Each structure stands twice: as C-alpha cells, then as structure tokens.
Amino acid sequence: MFLSAFFLFLHHTEAQESFDSLKVKTPKHYFKTIMVLDAYRKPNQEIPDTVNPLSKKLKSYGVNQFYFSLITPLATFERPTYDSTQPKKNTHLLLTANYMSLQPVFDGIKQHNLVKAGMGLRLIVNTGKKGLWFIDAAPFVTRDVTYSSSRHNVRLASTIVYSHNTSARFNWRIGITKSFMWGNRYYLPFIGVRFGRLDKTNLSIQFPRSMSLNIPVNQKLVLSIYTKPQGGMYNFSNHDSLTGGERTFHFTRYEINSGFRGDVRVNAWFNFYFALGLSTKNNITFYAEKTNKDRPNAPYRHFFYNQTLAPTGFFNAGLVFKFGNTKSYYKDKNMYDAMDLNNTMGTGDDNISNGNAQIPVDAKKLKKQDLNLRSVQDLVDYNDF
Amino acid sequence: MILFFFPAASLAQADRDKVELLRMNFIEKKLELTKNESEKFWPVYNEYNDKVKALRKNLRQSFKKAPENLNDKEAEDLHQLDLKTRQAEVDLHKTYSEKIKGIIGVKKLIRLRNAEEEFKREIINSIKEKSD
C-alpha cells in the first residue's frame, strides 16, 4: 500500500513536471462568475381595510422589484491526491454581491425606492465522500434612497448547511439560517430533501427557502413548478409622517409565490428565465425602531401597522450571464450538489435562484447537428479516420 | 440583441458540453461502476481529461498562430513543442491510468479504454454519415 502510493507519487511528480514545463493554462475554479439581472412585478391592489387611518392613507399596495447579483470564485483549494483510494476533496471560496431596489407602490403616498445592497463570502467544502458544507455570510445595508435624510441599517444574513448525498438520486440537508425573507429577523432551521438526480427530473424541498419540481424538457429548457417565500426588512423614510417621532422606520414584507418557471439555456454563457403565478399571504408590516430597540437580536415584535392582502398574480423574469472557463465535473455528484447549493441559495438573503444552468441536463442522444469541429476536436485525431 | 453578443464559439461550447456528457454517459454505462467507485472515479477522470484537453488546445493554438513561412528556429520550437506535448500526454496517461486502476481495478481500466475507443468510432461514423 505504502509502496504503491510512493510509486504513484513519483509518477505524479514526473507527469506534473512535464505538464508544467509546457506552461499550459488550465482553469483554476469549478464555479463560473455569474451575474443575474432580475425583475419582479406584482400589480397594485387596494387595501380593503377602511378603519385604520394608515390603510386609508396608503390606499393600495403593489411591488416593483429590480435585483442584481454577482457570484465569483475567489479561491479553490484542492489537495492533490497521490493515493487514489482517497476521495478528492476541494474547498471553494466565493464572493457574493447583491443590489436590490424595491419599490412598494402605495397610491396614497409618494413612490419610495428602498435599496438593499451587500457583499458577502461563501465557503463550500466538498469532503469528497458524501457530504458538503455550505457557509454563507451576507452582510447588507438597507436604506430608503428616496430621501437623503433617511437612516440606514446594517444587517447580517447567514446560513450554515450540511448537505449529504446518500446517492445521486437522494440528498438531505440540515442546517440553520438567519434570514429576513419571512419579513422579520428569524433564526430558522434549514431542512432539505431532494428526490431525483439534479440533471434529471427532481423534487426539491428546502425549508425555509423553496419547494420545486424541476423537469428538464431538453438540454435547452427546464420547467419548474415551485413555491417559495420572498420578502425582507427594509428601511422606510417617514417623510409621509406615517408614524410619529422617527425619521425612518422598518418596512417588512413577505409573500409566498407559487407558480411556473421556465429556464432557457441559450448557450454556455447565457440563460434567461421567466416565471408567473400567484402571490399569496401578502403581508406588509411597519415597525418603529424605538419600540423594538430593547431586543437587538430577536425578531421585531411591536408594529404600528400590519396588513395581509388578498392573493394576486406576479411576474418574474431574469437574465443570467456566466463567465469564465471551469474545471470539469461531469457525473461528479458532490460537485453537482455544490453547484445546486450555490445557485439556488441566491445571494444576500434574496432567495432568487439563477436557474442552476451550471449543472448540465443529462444528454440522451447524439445528433448530427451536435457534431462540429469544435465539439469533437479533442476527441478525434485525423489519424483516427 | 443579447444573442448578438454571444458568438458562435459559445454555441459550439454548448455542443462540446453535450458531446462530452454523452461520452461520459457512454463510459458510465460500459464501466458499470459501483457507488463507491463512481464517487472516486469521476473527479480523477475529469481532472485527467481537463489536462489532456489543455495540452491539445495549447498545441493547436501554437500551430494555428505560427506564420506560414517559418524560419528554422520557429519550426524547431514548434517541433519540440509537439514532442513535449506528446510526451506530457503519455506521462499523464501513465499516472492517471495508475490512479484509475487503484479505483476501479485493471479489468475496468481496460473496459474504459475500449469504451473511449468505441465512442470515438461512433463519432467518426456520425461524421462520415454527416459528410455523405
């Protein structure tokens, strides 16, 4: 055993030397740099409450949301495995950045533009056996940019998850997440299961983030039926005097979106998606800072306005740009899972999936149109004919 | 508008991915790997393929870049690069064959070689059919 490992080490060194002497560039990372532009719209609906003076003042509620995110690999650590009986481990450090502009549309007051922006770090550890660790820290700032006098808040969303691939067809995840997407500061358990392979039809239930049935139609189109929460805590300027004594208060919203989504994989560098469905449990709440100050790490408790509106339709669409060449990970179920964790978790606690296009949909048949010089040049030599 | 920014090369990359995926499927089917073998085999095999592809791409590009009327030194450099690339490929093959043998055993290693050749033959036949 020791001797075979030693000889393998010698072979490895020799091969690596001759490879290195040619100064050939190979990709450093497994993850591409991914940029997402996302737009979300929910039509205005009247606030039915006729008793509360704030409801009368606000009149209606709708949402226009624009989101931009970037994920880029910073470093990939991979220990060379001289002993092939040991699994290949790797660790990935990624930088995440996000910017969200949320425009809650209240007909009774001037349009506000609530911004949430942040930059965070993400660590994915592939143990090489069956498990992966996913650690995400996403600090962000929220501010109402409509009025310069409004105060900002710095918050931190974070997630730590252990993901276990029992097989390529079954995965479970367990962890904890500090998240604001349910309209308040919550510390929630993360529990997930997936039935089915990631490159084929699969059912994924990831509490508290999403539940989806993903159906690849072909290599270019993946359809999904899904339900997920969407929301957050934002700073809202009190310019309209909705509460007394504070310049800025906290506006929170959450909704449960259920619908259909189509992901179109145009090519290796670009895909887009569209989704429509029903937005239910439409909740908005206003919290004053003063009354919640005494419990700095707990969910906000004292609100001065709370309203849950009737279900309404929504529309969501996004463009996804992918840059950079990566190392190959075909059939590597742990790396597929790492991609899934990275792609579906979104950035900055915004719960927006980029479509998981880094996991190739399982190909069925070789078609003549797939064959061109570039697609076969590494496989076939002219001597082979 | 967006497609305009993504030239044919990116479409070819998608085709290449598909062919590569089909090749891996073909190999997977032929090798009949156990769960344990599969866990260890694919990362190593992918690493090997990445290195071989990088070598071939480097050689291809060097030949492509070379001027039509090479002087003696340029020709010699290119010739040396060709030899070194072939040697590096052999060295990689030797190393990774040993690694893979340690994972799947020598019988399946032979099956792997046969599967690679068989898939290559399928591709060649398809190309021939396409050109007919």
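Throughout, protein chains are lettered first and strands after them, A, B, ... in sequence-line order, and every chain is numbered starting at 1. Keep in mind that what you see is a predicted model, and the values were worked out from it rather than measured.
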For the [atom1] atom of [X] and the [atom2] atom of [Y], what is their distance to the nearest 0.5 Å?
| X | Y | atom1 | atom2 | value |
| --- | --- | --- | --- | --- |
| D362(A) | K18(B) | CG | NZ | 11.0 Å |
| K53(B) | N325(A) | NZ | CG | 11.0 Å |
| K57(B) | K25(A) | NZ | NZ | 10.0 Å |

Chain B contacts, top residue of V361(A), T26(A), N334(A), V24(A) (heavy-atom pairs, under 4.5 Å):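 Going by pairs under 4.5 Å, I would pick V24(A).
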Side chain to side chain donor-acceptor pair (under 3.5 Å) partner of E39(B), chosen from K333(A), K88(A), K129(A): K333(A)
Distance-only side-chain donor-acceptor flag, D50(B) / S328(A), under 3.5 Å: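 Yes, a side-chain donor-acceptor pair sits under 3.5 Å.
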Which heavy atom of [X] sits nearest to which heavy atom of [Y], and what is that distance?
| X | Y | value |
| --- | --- | --- |
| N58(B) | L22(A) | ND2-O, 4.1 Å |
| L21(B) | Y330(A) | CD1-CD2, 3.5 Å |
| P43(B) | D332(A) | CG-OD2, 3.4 Å |

Residues which pass salt bridge (charged side-chain N to carboxylate O under 4.0 Å, His left out) with K84(B), listed by chain and number, not counting sequence neighbours: none
Residues which pass ring-ring contact (aromatic ring centres under 6.0 Å, His included) with F63(B), listed by chain and number, not counting sequence neighbours: none
Under 4.5 Å from a heavy atom of chain A, the part of [X] involved:
| X | result |
| --- | --- |
| E89(B) | neither |
| R121(B) | neither |
| Y45(B) | neither |

Electrostatic pair E47(B)-K327(A), nearest N-O below 4.0 angstrom: no
Close side-chain approach of S167(A) and K35(B), heavy atoms under 4.5 Å: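 In short, these two side chains touch, coming nearer than 4.5 Å.
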Proximal component of N165(A), with respect to chain B [non-hydrogen, under 4.5 Å]: neither
Over 12 foreign heavy atoms within 6.0 Å of CG, N71(B): yes
N218(A) CG: over 12 foreign heavy atoms closer than 6.0 Å: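 Correct, the count exceeds 12.
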